[in-house]
Amino acid sequence: MRHAALCSFLLFAADPYLKARLSMVQENLESRGIRDRRVLEAIRTTPRHEYVPPELRAHAYEDRPLPIGYNQTISQPYIVGLMTQLLETQPANSVLEIGTGSGYQAAVLSKLAKHVYSIEIVPELAASSAKTLLRTGCRNVTVRYGDGYKGWPEQAPFDRIILTAAPPEIPPALIDQLKPGGKLVAPEGDREQLLMAIEKSASGQISKRSVIPVIFVPMVRGTSDK
Ligand code: SAH
C-alpha cells in the first residue's frame, strides 16, 4: 500500500494533469463506448495539455475542441477516441494523417502505429506541431507542410489514413494511396458532415459507412506550389 501511494504521489507530482486526464478518459470516452484498450491507453498517456496554447491548459481535459490559432481547433477528445478506435491501427502500420493541427491526434496514433506521416496546410502549425511532437517524445511522426488533397505519394501506400479536416468528398488520391485491406476514417461533407469509415478490400473494392454527424473545420484547397 505504502509503495502504491508513493508511486501515485510521484506520478501526480511529475504530471499535475494526470488525474484530470484519467477522469476524462473514464467519463467522456469509456462511458460513451470507446472500449479499445490500446486506444484508451494511448489517450491516457498523451499529455493533451502540451498540445493546447498555454493560456488554455486548464481546459485541456474538458471534452471539447479548443482553438489552436489560425482559425483551427484541436478536436474534442471523444471524437479523437472514436476516430482512433474506428481506424483499428495495428503496431506494424504506416499511417497518414491529413490536418496535423496541434499534433495531438498524431501523438495518439504514434503510440499505436509504426510510423505516422502527417500533412498540415498552415506552415506555422506544421512547424509548431513538429516541435511539440519532438518535445513530448513522439519520434515516429513525420510532419510535412503541404496540401492533403494530394496525399503523400513518396510514402504511399498506407495501411491507415485519417482526415481531421472535412473535404466535400473523400479525395480520390487518398483512396488510391490506401493499401488493399486498409482503412480510412474521415469527416465528409460541406455544411452537414458525416464521419465516414471506409475500407479497401484485398481485391481493391471500396466499402463505406457513415458513423455519426460531426462538425470539423473544412479541408481547404491548397495553391499549386503546396
Ligand atoms: N488533428 C488535429 C486537428 C486539427 S484541425 C489535432 O489533433 O490538433 C484540422 C487541421 O487541418 C487544421 O490545422 C487545418 O489547417 C488542416 N487542414 C485544412 N485543410 C488542409 C489540407 N488541404 N491539407 C492539410 N491540412 C489541412
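Here the structure is a predicted model, which means the values were calculated and not measured. Just follow the structure's listing: the first ligand is 1, and inside any ligand the first atom is 1. Atom set for the values below is all heavy atoms of this structure, side chains included, hydrogens, waters and symmetry mates excluded.
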Look only at the side chain of [X] and the backbone of [Y], and say whether a donor-acceptor pair between them is shorter than 3.5 Å.
| X | Y | value |
| --- | --- | --- |
| Arg64 | His59 | no |
| Tyr61 | Arg48 | yes |
| Arg21 | Arg44 | yes |
| Lys200 | Ile175 | yes |
| Lys111 | Thr45 | yes |
| Glu120 | Gly101 | yes |
| Gln177 | Ala156 | no |
| Glu97 | Gln105 | no |
| Asn140 | Lys114 | yes |
| Asp159 | Ser94 | yes |

Nearest to [atom], what protein heavy atom do you find, and at what distance?
| atom | value |
| --- | --- |
| atom 13 (O) of ligand 1 | Glu120 OE1, 2.7 Å |
| atom 11 (O) of ligand 1 | Gly99 CA, 3.2 Å |
| atom 23 (N) of ligand 1 | Gly148 N, 2.8 Å |
| atom 4 (C) of ligand 1 | Thr73 O, 3.2 Å |
| atom 22 (N) of ligand 1 | Val220 O, 2.6 Å |
| atom 20 (C) of ligand 1 | Ile121 CG2, 3.6 Å |
| atom 8 (O) of ligand 1 | Ser102 OG, 2.6 Å |
| atom 12 (C) of ligand 1 | Gln72 OE1, 3.2 Å |

Give yes or no for whether the N/O distance cutoff of 3.5 Å, strictly under, is met between [X] and ligand 1.
| X | answer |
| --- | --- |
| Ser75 | no |
| Ile74 | no |
| Tyr149 | no |
| Arg221 | no |

Using the six-membered ring wherever Trp is involved, compare the ring planes of His49 and Tyr17 and label them parallel, tilted or perpendicular (cut-offs 30° and 60°). parallel
Within a distance under 4.0 Å of any heavy atom of [X], pick out the atoms of ligand 1 and give their elements.
| X | result |
| --- | --- |
| Gln105 | 1 (N), 7 (O) |
| Thr100 | 1 (N), 2 (C), 6 (C), 8 (O) |
| Ile119 | 24 (C), 25 (N) |
| Val122 | 15 (O) |
| Ala165 | 11 (O), 18 (C) |
| Val217 | 5 (S), 9 (C) |
| Glu97 | 1 (N) |
| Gly146 | 23 (N), 24 (C) |

Flag for Tyr51-Thr136: side-chain donor and acceptor within less than 3.5 Å: yes
Counting only heavy atoms closer than 4.0 Å, does ligand 1 sit against the backbone of Val80, its side chain, both, or neither? neither
Ser129, portion touching ligand 1 at heavy-atom distance under 4.0 Å: neither
Under a heavy-atom criterion of less than 4.0 Å, does Pro218 contact ligand 1? yes
